[in-house]
Visitor: 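One structure is given below, represented as structure tokens, and several questions about it will come after.
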Amino acid sequence: MTNEQFENKILSQIFQKARGVTLTISEKIKIHNRIDQYIEENPLSYSTLQKTKQKYKVVSPFYTRLSFSMKLVPAFFVALLFLSGTSFAAQNTLPGDFLYPVKIRLNENAQTLFSFGAKNIALTEAVHANTRLMEIEKLSVQKKLNPETLEVAKISFNTEALNVKKNIDELKASGDIESADEVGSDFESSLKTHHTLLKALSQKDEEQDLKIATTSTGTTTQKINANVSENILTNITDAVDVHLKNTTATREITEKEIVSSSLNTQPDALKVTADIALKKVQSKINEAEKSINSNESVDETIKADANLKLRQAKEILIEGQLKLSSNSNGEAFTLFKSAQRKAEEAKLMIKSKDEIKTVAPAFLKIYKEEDKVEEASKASIENSSTTPLNNSNTGTKINVDIEVPPTTTIISTTTSSIETF
Amino acid sequence: MKNKENHPKDAFVGAFDLHSNAIFRYCLYRIGDREKALDMSQDTFMKAWKFISLGGSVENMKAFLYKIATNLIIDEYRRRKSPESLDNLLEEKGFEPSIDEYEHMINRLDAEQALAMLSQIPEPYKQALGMRFVEDLSLKEISEITGESENTIAVRIHRGLAKLVKIFKHQND
């Protein structure tokens with residue numbers, strides 16, 4: 001290794017570790033609460049509220065924070081628009097399209113309004129959060145992503161994801177922890193798939209946009225095309241990662257609560273819980289199989305990997321069934337839930353096939369790496385050992401933009417963003 | 001069960017969740033004091049909300065937050081004496097550890113120490129370096145936040161990197 005290569009390595013490690021500095025949970029909550037209080041003390045005026053909605057290109061003269069009956073107006077308006085085809089036409093629009101506000105403010109509002117029951121509302125919000133990410137991925141593949149459209153989609157995704165979290169918390173608070181677990185588990189699978197796809201798209205953009213330019217002063221530089229798309233995708237990927245970690249943590253706690261609450265009721269309640277989970281995972285595997293086999297336009301590589309994931313789901317299912325037969329009902333339940341998530345991920349790979357196709361090798365590589373990290377982490381927890389801080393096997397390549405005299409130098413570093421609560 | 005609400009407060013809280021760690025980190029390595037950095041992070045978001053509540057328009061929330069934080073940092077610098085240049089501390093010493101020994105040193109480094117190392121770099125290199133490699137901002141974004149040209153930022157990054165290597169070697173001699 002040359003001295004320069006070694007110095008580059010030191011620098012990349014320093015930056016990678018520096019990113020690990022974050023607010024602690026209590027610090028974040030404290031600041032959050034103070035800001036909440038400040039917002040209460042300094043509310044938006046009505047005119048500012050209207051202006052702020054317009055800034056986000058929201059056209060919704062029918063949505064106000066008035067009575068429930070007024071909230072029905074958007075739904076009726078959607079019905080009228082549907083008859084004229086506008087609402088239907090809006091359904092597949094992307095941020096920046098003319099009818100996009102109709103999609104998110106009217107169509108989706110109506111969907112939430114007509115979702116009855118806490119669980120269905122939570123599921124609808126999760127669908128909306130997913131849709132935001134799919135829109136970003138589509139725009140990235142079409143090379144139409146710019147900071148403004150992403151900012152709107154990103155804030156909307158964050159809001160939706162936070163709504164999902166609130167709804168899951170409310171389900172738990174109301175005692176319906178099974179529904180909370182179901183919603184959280186599916187949402188976790190979708191966030192994981194999107195996180196991997198966004199990372200792969202980000203890497204693809206970065207590789208394509210590195211180029212050399214000569215400045216007007218005549219100095220030769222190696223210049224990064226300040227890849228706005230790459231940096232934006234990195235930011236949204238980090239945001240998804242934050243929600244993924246939160247959702248995973250909540251789901252793990254909820255599953256433990258389900259097991260312990262089953263143990264505290266009737267003697268065979270945990271077996272019943274595990275049996276129900278078994279039926280659900282079998283149904284999910286069937287759905288995933290149908291999805292893979294019925295879709296003829298899927299790229300063979302993606303199909304092969306979706307099938308691999310499905311095989312993993314089946315293997316975990318068998319492991320769970322063995323535990324069930326030996327009356328280790330708690331472990332069986334946890335394994336069935338894990339199998340269900342794998343099957344859901346297989347299904348989602350088929351759903352996002354068009355976007356995954358553009359970055360299939362990178363996507364599948366990252367997926368496998370993340371699976372390995374997940375397995376290693378589980379094994380580490382079981383063995384009560386700690387993993388080393390400097391894992392250099394993950395992350396996004398970044399390049400340095402430097403201006404130098406005649407000899408040009410690229411400093412290529414591997415970093416990863418770590419955002420923790 | 002609440003139905004979906006579209007109040008800008010939700011969007012602002014979303015922006016807080018998204019950017020709070022980055023803003024805090026930015027304040028911390030610029031100021032070097034955790035408590036102060038916490039207060040500044042809080043003030044940044046409060047000032048941002050105040051601006052929005054009074055009818056201000058924000059096109060790019062991230063850049064806007066960084067600008068507010070930068071101004072708060074400048075105010076803090078004015079209240080303090082400027083940090084002494086560390087150039088006179090960065091003389092090469094006789095003993096030069098091997099690459100293996102440096103590897104060992106870097107492995108022992110934790111997150112806080114890495115950020116503290118960054119905070120020892122003199123301004124304005126520290127700002128440029130941190131924004132580029134810790135916060136992953138593009139040259140264009142840094143230029144927009146600081147008001148400096150992309151060329152100037154690029155030069156500061158180059159010089160900042162050289163200083164950071166010196167600081168690392170000096171601390172581990």
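Reminder, nothing fancy here: chain letters follow the sequence lines and each chain counts from 1.
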Visitor: Report yes or no: does B/Trp49 contribute a side-chain atom to a donor-acceptor pair with the main-chain N or O of A/Asn42 at less than 3.5 Å?
Guide: yes
Visitor: Could you look at A/Glu40 and say if it's the side chain, the backbone, both or neither that has a heavy atom under 4.5 Å from chain B?
Guide: side chain
Visitor: Taking side chain as everything from C-beta outward and backbone as N, CA, C, O, which of these in B/Leu38 sits under 4.5 Å from a heavy atom of chain A? Side chain, backbone, both or neither.
Guide: both
Visitor: Is B/Lys36 atom NZ crowded by more than 12 heavy atoms from other residues, nucleotides or ligands, each under 6.0 Å away?
Guide: no
Visitor: Apply side-chain contact (heavy atoms from CB on, under 4.5 Å) to A/His32 and B/Val13, showing your working.
Guide: CA-CA 8 Å; A/His32 194 294; B/Val13 168; 3.5 Å; yes
Visitor: How about NZ on B/Lys67, more than 12 heavy atoms from neighbouring residues, nucleotides or ligands closer than 6.0 Å, or not?
Guide: yes
Visitor: Can you tell me how far apart CG (B/Leu129) and CZ (A/Phe15) are? Round to the nearest 0.5 Å.
Guide: 4.0 Å
Visitor: Any side-chain heavy atom of B/Phe24 within less than 4.5 Å of one from A/Val21?
Guide: yes
Visitor: Counting only N and O atoms by type, is there a donor-acceptor contact under 3.5 Å from the side chain of A/Arg19 to the main-chain atoms of B/Arg25?
Guide: no
Visitor: Working to the nearest 0.5 Å, report the span between CD1 of A/Ile10 and CZ of B/Phe168.
Guide: 4.5 Å
Visitor: Measure across A/Ala18 and B/Leu115 and return the closest heavy-atom pair with its distance rounded to 0.1 Å.
Guide: CB-CD1, 3.7 Å
Visitor: Can you find a pair of side-chain heavy atoms, one from B/Gln113 and one from A/Lys17, that are under 4.5 Å apart?
Guide: no
Visitor: Can you find a pair of side-chain heavy atoms, one from B/Gln42 and one from A/Lys30, that are under 4.5 Å apart?
Guide: no
Visitor: Is any side-chain heavy atom of A/Ile155 closer than 4.5 Å to a side-chain heavy atom of B/Phe12?
Guide: no
Visitor: Decide yes or no for A/Leu11 and B/Phe133: does some side-chain heavy atom of the first lie under 4.5 Å from some side-chain heavy atom of the second?
Guide: no
Visitor: Can you name the nearest heavy-atom pair linking A/Pro43 to B/Ser53, along with the distance?
Guide: O-CB, 4.1 Å
Visitor: Can you tell me how far CD1 of A/Ile14 sits from CD1 of B/Ile167, rounded to the nearest 0.5 angstrom?
Guide: 8.5 Å
Visitor: For B/Tyr66, which residues count as a ring-ring contact (aromatic ring centres under 6.0 Å, His included) partner, sequence neighbours excluded?
Guide: B/Tyr26
Visitor: Determine the minimum heavy-atom distance between B/Lys50 and A/Tyr38, stating which atoms define it.
Guide: CD-OH, 3.2 Å
Visitor: Please round to the nearest 0.5 Å and tell me the distance separating atom CG of B/Leu18 and atom CG of A/Asp238.
Guide: 8.5 Å
Visitor: Is any side-chain heavy atom of A/Asn158 closer than 4.5 Å to one of B/Phe16?
Guide: no
Visitor: Taking the side chain as every heavy atom from C-beta outward, state whether B/Asp17 and A/Lys28 have any atom pair closer than 4.5 Å.
Guide: yes
Visitor: Does any backbone or side-chain atom of B/Arg159 lie under 4.5 Å from a heavy atom of chain A? Answer side chain, backbone, both or neither.
Guide: neither
Visitor: Would you check if B/Ser20 and A/Leu23 make a side-chain contact, meaning some heavy-atom pair closer than 4.5 Å?
Guide: yes
Visitor: Check A/Thr159 against B/Ala11 and note the closest heavy-atom contact, atom names and distance.
Guide: OG1-CA, 4.0 Å
